[in-house]
Amino acid sequence: MKRTTDSLYTLIYHAVKRIPKGRVATYGQIARLAGLTGQARLVGYALHNLRDHVDQSVPWHRVINARGASSLPDLDAELQRRLLKTEGVAFDRRGRTDLLRFGWKK
DNA sequence: CGTATGACGAGCC
DNA sequence: AGGCTCGCCATAC
């Protein structure tokens with residue numbers, strides 16, 4: 001069944017909204033939840049698309065890469081860590097978090 | 001319509 | 001641990 005780009009993004013946003021507060025999920029994990037296994041890049045693409053959209057209902061800051069770090073440019077990565085820190089997610093000196101502790105559904 | 005690009009990730013070295 | 005390569009596929013040009 002053919003899927004339009006709009007519904008693809010909707011699937012991704014929906015999955016992101018399911019991440020509990022104080023938890024983080026990886027791009028690949030979100031892709032799987034959205035039924036897009038192996039297409040982590042699309043998740044990043046969809047989230048990047050939120051910038052212009054200014055949609056606060058999607059907790060984009062809870063999505064990080066498989067290394068437990070932010071994939072954003074330094075400036076934005078700092079904002080992301082700050083938002084997560086507010087929810088209780090800790091980061092080490094290198095800006096990485098322990099997915100075993102804070103990852104969703106460990 | 002062909003190429004390049006990117007908020008990724010797994011595998012190798 | 002850290003860097004490179006390659007597969008992934010919607011978009012941009």
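Source: prediction; values computed, not measured. Just so it is clear: chains get the letters A, B, ... in the order the sequence lines come, proteins before strands, and each one is counted from 1.
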Whole-Å distance, A:Leu36 CG to C:dA10 P, equals 9 Å
Exercise. State whether the side chain of A:Gln29 and the backbone N or O of A:Val63 hold a donor-acceptor pair below 3.5 Å, judged by distance alone.
Key: no
key: Flag side-chain contact, heavy atom, 4.5 Å: A:Arg81 against A:Leu84   = no
Reckon A:Thr26 touches a base, only the sugar-phosphate, or nothing at all at heavy-atom distances under 4.0 Å? sugar-phosphate
Result for 5'-nearest mapping on DNA chain C, choosing between A:Tyr45 and A:Gly38, is A:Gly38
Rounded to whole Å, the NE2-P distance (A:His48 to B:dT5) equals 15 Å
N/O donor-acceptor pair, side chain A:Tyr27 with base B:dA7, under 3.5 angstrom | yes
Would you call A:Leu42 and A:Tyr9 a side-chain contact if the rule is heavy atoms closer than 4.5 Å?
no
Separation of C:dC9 atom P from A:Tyr9 atom OH, nearest Å, is 15 Å
Separation of C:dA10 atom P from A:Arg41 atom CZ, nearest Å, is 13 Å
In whole angstroms, the gap separating P of C:dA10 from CD of A:Gln39 amounts to 7 Å
Taking every heavy atom of A:Leu99 against every heavy atom of A:Ala66, the minimum-distance pair comes out as CD1-O, 3.4 Å
Contact check, residues 71-88 of chain A vs DNA chain B, heavy-atom distance under 4.0 Å, returns A:Ser71, A:Leu72
A:Ile12 CD1 to B:dG6 C1', in whole Å, measures 14 Å
A:Ala46 backbone acceptor or donor facing A:Tyr13 side chain under 3.5 Å:
yes
Any donor-acceptor N/O pair under 3.5 Å between C:dG2 base and A:Arg67 side chain
no
For A:Phe91, is there any backbone N or O sitting under 3.5 Å from a side-chain donor or acceptor partner on A:Thr97?
no
To the nearest angstrom, the CD-C1' distance between A:Gln29 and B:dA7 comes to 16 Å
note: A:Leu42, atom CG; B:dA7, atom P; distance rounded to Å ~ 13 Å
Next item on the list: Have a look at A:Arg94 and say if it touches a base, only the backbone sugar-phosphate, or nothing, with a 4.0 Å heavy-atom cut-off.
Entry: sugar-phosphate
Worksheet entry | Any donor-acceptor pair under 3.5 Å from A:Glu87 side chain to A:Lys21 backbone | no
Closest of B:dA10, C:dA10, B:dA7 to the A:Leu8 side chain is C:dA10
